[in-house]
Number of protein chains: 2
Amino acid sequence: MRTRPLKVALLGCGVVGSEVARIMTTHADDLAARIGAPVELAGVAVRRPDRVREGVDPALVTTDAAALARREDIDVVIEVIGGIEPARKLITSAFEHGASVVTANKALLAEDGPTLHEAAEKHGNDLYYEAAVAAAIPLVRPLRESLAGDKVNRILGIVNGTTNFILDRMDSTGAGYGEALDEATALGYAEADPTADVEGFDAAAKAAILAGIAFHTRVRLDDVHREGLTEITAADIASAKRMGCTVKLLAICERAADGRSVTARVHPAMIPLSHPLANVREAYNAVFVESDAAGQLMFYGPGAGGAPTASAVLGDLVAACRNKLNGSRGPGESAYAQLPVSPMGEVVTRYHISLDVADKPGVLAQVATTFAEHGVSIDTVRQQGKDGDAWLVVVTHSAPDAALSSTVEALRGLDTVRGVASIMRVEGE
Amino acid sequence: MRTRPLKVALLGCGVVGSEVARIMTTHADDLAARIGAPVELAGVAVRRPDRVREGVDPALVTTDAAALARREDIDVVIEVIGGIEPARKLITSAFEHGASVVTANKALLAEDGPTLHEAAEKHGNDLYYEAAVAAAIPLVRPLRESLAGDKVNRILGIVNGTTNFILDRMDSTGAGYGEALDEATALGYAEADPTADVEGFDAAAKAAILAGIAFHTRVRLDDVHREGLTEITAADIASAKRMGCTVKLLAICERAADGRSVTARVHPAMIPLSHPLANVREAYNAVFVESDAAGQLMFYGPGAGGAPTASAVLGDLVAACRNKLNGSRGPGESAYAQLPVSPMGEVVTRYHISLDVADKPGVLAQVATTFAEHGVSIDTVRQQGKDGDAWLVVVTHSAPDAALSSTVEALRGLDTVRGVASIMRVEGE
C-alpha cells in the first residue's frame, strides 16, 4: 500500500459535510485499505469558522473555499455546499487545478451538468455524484455502469422524502396538506422554506439527472414538467382511497414508444395500493427502473439525511481516489444519444377527474360526448348524488396529456358542470 | 471513438450466452458509443456445434473453448458455462493470455474465488461477476463500489427464484412441497434435478460471494451454513400464517456485534407479513443491505433468466472494455479484513417450535424449565389441544443457535413431549 496520502478538500461542513469528515476519521483504516493509500482531509471550507465542529481539526478550517478548491496538492474535492454559485465556480476551478470532484449538488447538475462534465473531461478528472439522487440508494452507479449494456425504457420513482412524508401522513391520518406540512416541519423532514420540496423542484432536478443518465442524453431541469403537491386536498386522498389507490409525488422518465424522444415529469399521481411504491412510507425513497433485458428493478432506502448522503459521497470518494492512484478515470458523461425531450402534452397518461355537476338527466351524456370529441376514451365513470348535489367521477383510458387537459377545459365550459373538483393522473398499472 | 474493435470471446451459448450474443448484435451501436470503441464477438465456444443459434455467425462457433480462451487477440472473455471445471482452467488461462473476464459462475466464485482474483491481479486484468448473484439486480457493484466508504453489517435476502416460487405457491395455495415443486418444474422455474436450488446450494454460493464483498474478507461455500426447504410442510406454512408470518428461504450474512467475525447462512425462516421481503412473490429476488451510514437499502428484481442475466453480463462487459481501452482496471478483490467465519452455533437467532405434548397438567412447566436450563428465554407460548391431543407452540427470544438446538434435543427427551412437529427460525423483526 502507498504510504503518501491522497488529499481531500471538503467544501461545506453542514449536515452532510460533517458526517463525511467524521467517517473519514473513524473509518480511516478501512478507507485506506479499500483505496490502496491513506486519505487525508487537507482542508474544510465553511461559512462560519467559529462554529464548533466535532471531530474536525480547527487548523483545517478555512472560509476561503476558492483558495482551497485550487490548491494543487488536492486530489479530490468534495462539494456539499449546494446551490448554483459559488458551487459551479469551485467545481470547475477544482478540475482546472487537477482534482477530481465528488458532489451531492442535484440543483447544479440539473441546471448545468454539461459544464461540469466538460470541465472534468477537459482536465482528465472524474465527476462523481451518487449523492445527488436519493442519497445512499445506489442509482447513479447502477444506471451509469450496471445497466450500461441494457436499454432503459422507464424510471418511476419516489425521489423526495419530504413530500412522501406529507402524503403518507395525509393518507394515514386524513390530515389536510397544511397540517401534514406542519408535522413534517416540526419533525425536521421539511425545511423552514419548503418550496424546493413541495413545489417539486428537488424531485424535478433528480428526474433530469436520472433521465440524462438512463437515456444517454442531456436533460435539463427546464425540460422536466413539474407540478408540486400544494394543491392536493384531503378530499383528493379520500377519493384515491375509494379507487383502491394512494397518492404519491412521482418522478417519471420515459423513452417514447418509437425510441426517438424522451420525457421527464414530476407530479402527484394516484397509484394502486397493490403497487410496491404505494407501500413506501414516511420519508423513504424508492425507484423503479424498467429496461429491455433486466426487466423491472427496484431500489429502496433512505433518500435523505446526513449519514445516508455521506455514505454515497464516501463511496464516490473511494472510486475517485482509486482512479487517481491508478492514473485512470471512471465513466464520463454519456450523452451520445442526443434525444429530444418532448413536452408534457405528448406524454401518454390517464386522468382521474371529479366533476361537480347538476343533478339532472342528460348530464352524463353531455360529459361523455365532450370526452369523445377530444378523442379521450373513458375507462370507468361513477355517479353519486342526492338532494340536487351530484358528482361524476371519471377515470380515462390512456391518452396524450394535451388531449386530456383540453377535455378538462371543455368540461369547465359546460352548463351542467358546476366545477372540476379534482384532477389527478393515474400511474403504475 | 476508436475504430479498431475490442474482441470478445463467449464461452457457453445456452440461455444466457445466446442472449448476450443477441444483444451484442442488436445493440452494437449503443455499446460502441458507451465504451468508446466497437465490440466484436470474435468466437463462441459451445459443446454442440450443430445446434442452430439464431443471430450467431456459424463461422464463429468452435468446440475448442481452451483455444478460444487463450487467443492473444481477445480483450474480454465472457464465461457462462458454469460449474467448476473446465470453467476455472478457462478463466485462469484467459487471464494469463491478457484478457479480462466477465463471469456469471457463482459456484466457482464461491468454491475458489481467490484463485480467480489472484490470477486477475497477477496479470493486471479485471474480473467482473455481477451476474453471479441475483442476475440483473445490481448487488455486486453497489457492494464493491457504492458502499465502499460505508460499513455493511448485515445482508438479508431472497436470492433463489426457484425456491421462492415454491414457497410462494405453498403459501398462496396451501400445496405441499412436492406439489409446488412439480408446478415449478412444469413452468420451467425448477430444473429436472432441482438439488442445487431446493437444498440451498445455489443460495449458499451467493451468500458466500455477498458476504465476502460486503465484509472485505474471504468467505467460501463451506463456511456457509446451509439448510434447504425439502422438509418444509404445508403445516409449517399454515403455522407461520397463524403467527402473521410467511416462510422464505433466506440468505443471511452478518457481522458479529463485536465486529471481529462474520457469519453466513441459508435456511428457511418465518418472517412477518409486514416485512418487505414477505411480499416478494413468484421467482423474484430481493436483498436488504444494512450499513452504518446508509441505513437499510433494498434491491429488488428478477433473479434469474436469460435476458436479466445477460443484462448484468453486458454491464460488466462495458466496464471491462472501457478499462481495456483506457489501460486501467476496476476494483480488485478486497479481502484485507481477514475476519474469521463463525459456525452456525454462534449465530444469534430465534426459534419457532411446535411440540406435540401429552395433555396433562405440568407439561408447560416441564417444557419451560427445559428452555430455562439452556439459557433460552421464551417470548410467547401458545397451548392448543383437546381429546388427549395437545400442542405447545413456543417462540423464543434471541439466543445462540447452539443453545436453541440443544434445547430442542432436550425437549425431544422429555416424557411429556411426544414429538417436535416443527422447528423454524424467525427473522426480519
Side-chain angles (χ1 to χ4, degrees), chain A residues 19-20 23-24 27 30-31 33-35 130 135-138 140-143 145-151 216 276 279 286 288-289 291-302 305-319 322-323 326-331 334 336-337, chain B residues 19-20 23-24 27 30-31 33-35 130 135-142 145-151 216 276 279 286 288-289 291-302 305-319 322-323 326-331 334 336-337:
Chain A
E19 268 303 302
V20 169
I23 297 172
M24 281 185 69
H27 290 50
D30 282 313
L31 292 171
R34 295 172 193 183
I35 290 165
E130 183 65 77
I137 308 174
V140 173
R141 186 171 277 100
L143 285 170
E145 303 183 43
S146 306
L147 292 165
D150 205 335
K151 185 180 173 192
H216 298 267
N279 296 311
F288 267 84
V289 177
S291 72
D292 265 6
Q296 200 173 56
L297 304 172
M298 188 177 81
F299 303 79
Y300 167 95
T309 309
S311 171
V313 166
L314 288 160
D316 281 351
L317 177 66
V318 169
R322 277 177 181 159
N323 293 342
N326 302 328
S328 63
R329 282 187 67 204
S334 177
Y336 68 91
Chain B
E19 268 301 302
V20 169
I23 297 172
M24 281 185 68
H27 289 51
D30 282 314
L31 291 171
R34 295 172 193 184
I35 290 165
E130 183 65 74
I137 308 174
L139 276 171
V140 173
R141 185 170 277 102
E145 302 183 44
S146 306
L147 291 164
D150 205 335
K151 186 179 172 193
H216 298 268
N279 296 310
F288 266 84
V289 177
S291 72
D292 266 5
Q296 201 173 56
L297 304 172
M298 188 176 82
F299 303 79
Y300 168 94
T309 309
S311 170
V313 166
L314 288 160
D316 282 351
L317 177 66
V318 169
R322 278 177 182 161
N323 293 342
N326 302 329
S328 63
R329 283 187 65 204
S334 177
Y336 68 91

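Per chain, numbering begins at 1; letters A, B, ... match sequence-line order.
Contact check for His27(B) versus Asp292(A): side-chain heavy atoms found under the 4.5 Å cut-off.
Counting heavy-atom pairs closer than 4.5 Å to chain B, the top-ranked of the candidates Ala319(A), Pro308(A), Ser328(A), Gly301(A) is Pro308(A). Among the candidates Ala286(B), Ala33(B), Ala310(B), Pro276(B), the residue making the largest number of heavy-atom pairs closer than 4.5 Å to chain A is Ala33(B). The residue among Gln296(A), Arg322(A), His216(A) with the most heavy atom pairs within less than 4.5 Å of chain B is His216(A). Comparing Pro302(B), Gly327(B), Ala337(B) by how many heavy-atom pairs each has under 4.5 Å with chain A, the most go to Pro302(B). Contacts with chain B were tallied for Ala293(A), Ala136(A), Ala135(A), Gly315(A); Ala293(A) has the most, counting heavy-atom pairs under 4.5 Å.
With a threshold of 4.5 angstrom between heavy atoms, Leu297(A) approaches chain B through its backbone and through its side chain. If you measure heavy-atom distances from Leu31(A) to chain B, the contacts under 4.5 Å come from the side chain alone. If you measure heavy-atom distances from Pro331(A) to chain B, the contacts under 4.5 Å come from both the backbone and the side chain. Residue Tyr336(A) touches chain B through its side chain alone, counting heavy-atom pairs closer than 4.5 Å.
One distance of note links CZ of Arg329(A) with CG of Asn323(B); it measures 12.5 Å at 0.5 Å rounding. We find the CZ-CG distance between Arg34(B) and Leu147(A) to be 9.5 Å, quoted to the nearest 0.5 Å. In this structure, the separation between NZ on Lys151(A) and CG on Asp30(B) is 7.5 Å, given to the nearest 0.5 Å. Interatomic distance, OG of Ser146(A) versus CD of Glu130(B), reported as 5.0 Å (0.5 Å rounding). Here CG of Asn279(B) is found 7.0 Å from CG of Asn279(A). Values are rounded to the nearest 0.5 Å.
What you find for Ser311(A) and Asp150(B) is that their closest heavy atoms are OG-OD2, 2.7 Å. Smallest separation of non-hydrogen atoms from Pro142(A) and Pro138(B): CB-CG, 4.0 Å.
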Tell me, with the steps shown, if Phe299(B) and Phe299(A) meet side-chain contact (heavy atoms from CB on, under 4.5 Å).
CA-CA 5 Å; Phe299(B) 303 79; Phe299(A) 303 79; 3.8 Å; yes
